[in-house]
Amino acid sequence: MKLSEKFTGQKCILSFEVFPPKKSANADTIYTTLAGLKKLSPAFISVTYGAGGTSGDNITGKIASHIKHDLGIDSAAHLTCVSNTKEDIDIILGDLKANGIDNILALRGDTNPERPPKNDFHYASELIEYIKSKDDSFGISAGCYPECHPECDSIDADIDNLKRKVDAGAEHLMSQLFFDNEHFYGFLEKARAKGINVPIEAGIMPVVNKNQIERMVSMCGASLPSKFSRMMARYESDPDSLREAGIAYAIDQIIDLISSGVDGIHLYTMNNTYVAGKISDTVNGLL
Ligand code: FAD
């Protein structure tokens, strides 16, 4: 099923994101994690590409296939283009098709010293056009940035570029993480005013340890509201309390987003079934 078809009526959806195991890790842990996430009945689960795990062996496609065919949950495979040639993308698309994957989150990706840019694709919109030209049957999603993509000069220019992705064929958007809902509401208003009418899910990352937040914020540039910083300062040397406070913070964000009528919540689970479970148990009845 295409992800865009999940947004019917007024109900908000809750979806999850997982990442493949790192090469050094036990590959089976992801299957245990997914068995735990299945019990939480997410609307779909998306699987990252490259960022946290490997990319050359299409582990993303294999995991997305397991989610769809073995667990019976709709899935999406992330795919980045900046370090891939058109031939590389052709192989991956063929593999995703062979694995019965319906949905692709089409991304540019970040340049990685280990995988230099190949210059066939410069932006995600070019990947979306390319996928559409090769096989129009995939449902296509794209990323969006409530606080502006770090490389773009202004939120207005970034939303103009987002519109290019929608015009190229993205039918659904998932946002970068943020900790202040006002950024998301401001972004949403601007996006709708520019004629972006596809469903937009809010990306929420529960913060459960200090290292994680420092790494994520330096990578994606999300701003930290003072109430978030106070929470971090209060509990930074008490990991159990920080985890519980981070879960409570995410739940508070999500309830406010649902109350404001957002299309969906995309939870960055970080493969943590305990955290995803606590959040789902609280919000599932409120969607
Ligand atoms: P684009 O939409 O191409 O935008 C990149 C920059 O170029 C922006 O500043 C934009 O404003 C600008 N731009 C776009 N088009 C034009 C144009 N025509 N002219 C001038 N400027 C333009 N990364 C991974 O490696 N693996 C993952 O699995 C992954 N999953 C993600 C999931 C989500 C929900 C999100 C939001 C991000 C994810 N990322 C992932 C990170 C992503 O790859 C980076 O944020 C990357 O820097 C941008 O990707 P994009 O697809 O948004 O790029």
Side-chain angles (χ1 to χ4, degrees), residues 3 15-22 44-56 58-61 63-64 75-84 89 92 96 101 103-117 119-131 140-170 172-178 183-184 187 190-191 194 196 198-205 215-222 263-271:
L3 301 186
S15 62
F16 292 164
E17 179 173 306
V18 297
F19 56 82
K22 294 195 169 56
F44 68 88
I45 302 178
S46 77
V47 187
T48 65
Y49 176 89
T54 57
S55 47
N58 199 22
I59 184 76
T60 297
I63 295 171
S75 66
H78 296 204
L79 175 58
T80 66
C81 60
V82 71
S83 302
N84 281 319
I89 295 291
I92 296 168
L96 293 177
I101 306 300
N103 299 289
I104 297 175
L105 172 57
L107 299 150
R108 183 197 70 176
D110 288 316
T111 43
N112 172 345
E114 286 167 27
R115 301 191 72 215
N119 291 321
D120 271 4
F121 300 96
H122 308 92
Y123 301 112
S125 56
E126 296 168 1
L127 175 63
I128 296 169
E129 274 168 23
Y130 189 72
I131 297 172
I140 305 288
S141 304
C144 61
Y145 300 84
E147 296 185 66
C148 188
H149 184 267
E151 292 164 35
C152 197
D153 293 338
S154 76
I155 186 80
D156 289 309
D158 202 33
I159 293 175
D160 286 339
N161 292 328
L162 179 61
K163 179 84 166 46
R164 292 176 207 269
K165 296 197 273 195
V166 175
D167 290 345
H172 159 238
L173 303 172
M174 298 187 228
S175 94
Q176 183 58 280
L177 61 96
F178 57 90
H183 289 300
F184 187 77
F187 157 80
K190 282 178 187 278
K194 294 234 177 173
I196 296 175
V198 298
I200 304 180
E201 281 190 82
I204 296 294
M205 175 175 283
R215 200 175 59 247
M216 291 313 298
V217 168
S218 75
M219 271 168 67
C220 76
D263 297 315
I265 308 292
H266 189 61
L267 193 68
Y268 292 93
T269 69
M270 304 302 287
N271 296 8

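Residue numbers count from 1 along this sequence. Numbering of ligands and ligand atoms starts at 1, following listing order. Any value given below was found using the heavy atoms of this structure, including those in side chains, with hydrogens, waters and symmetry copies removed. Everything numeric in this text was worked out from a predicted model, so none of it was measured.
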Is the contact between [X] and ligand 1 made by the side chain, the backbone, both, or neither, using heavy atoms and a 4.0 Å cut-off?
{"X": "Leu107", "answer": "both"}
{"X": "Leu105", "answer": "side chain"}
{"X": "His266", "answer": "neither"}

Looking only at distances, please establish whether an N/O atom of ligand 1 is found under 3.5 Å from an N/O atom of [X].
{"X": "Lys165", "answer": "yes"}
{"X": "His78", "answer": "yes"}
{"X": "Thr48", "answer": "no"}
{"X": "Gln176", "answer": "no"}
{"X": "Gly50", "answer": "no"}

Judged by atom type as modelled, is there a donor-acceptor pair below 3.5 Å linking the side chain of [X] to the main-chain atoms of [Y]?
{"X": "Asn271", "Y": "Phe19", "answer": "yes"}
{"X": "Lys165", "Y": "Gly143", "answer": "yes"}
{"X": "Ser125", "Y": "Arg164", "answer": "no"}
{"X": "Ser175", "Y": "Gly203", "answer": "yes"}
{"X": "Thr80", "Y": "Arg108", "answer": "no"}

Note to self: Quick test of your reading of the structure: of His122, His149, Arg108, whose heavy atom lies closest to atom 8 (C) of ligand 1?
What the structure shows: His149
Check: atom 41 (C) of ligand 1: which of Tyr145, Phe121, Tyr49 has the nearest heavy atom?
Finding: Tyr145
Of all the atoms in ligand 1, which lie at a distance below 4.0 Å from a heavy atom belonging to [X]?
{"X": "Asp158", "value": "8 (C), 9 (O), 10 (C), 11 (O)"}
{"X": "Thr80", "value": "24 (C), 25 (O), 26 (N)"}
{"X": "Met174", "value": "34 (C), 36 (C)"}
{"X": "Tyr268", "value": "33 (C), 34 (C)"}
{"X": "Cys152", "value": "9 (O), 11 (O)"}

Next item on the list: Could you list the residues that satisfy side-chain contact (heavy atoms from CB on, under 4.5 Å) with Ala76, not counting sequence neighbours?
Entry: Leu3, Ser46, Asn103
Item checked: With sequence neighbours excluded, residues passing side-chain hydrogen bond (donor to acceptor under 3.5 Å, both in side chains) with Asp263 -> Arg192
Notebook entry, point to check: Of the non-hydrogen atoms in Pro20 and Ile59, which two are nearest, and what is the gap between them?
Noted result: CB-CG2, 3.8 Å
Notebook entry, point to check: In terms of ring plane angle, is the pair Tyr130 and Phe121 parallel, tilted or perpendicular, where the classes change at 30° and 60°?
Noted result: perpendicular
Notebook entry, point to check: Non-hydrogen atoms of Gly109 versus ligand 1: any pair closer than 4.0 Å?
Noted result: yes
Check: Any side-chain heavy-atom pair from Glu201 and Ser15 closer than 4.5 angstrom?
Finding: yes
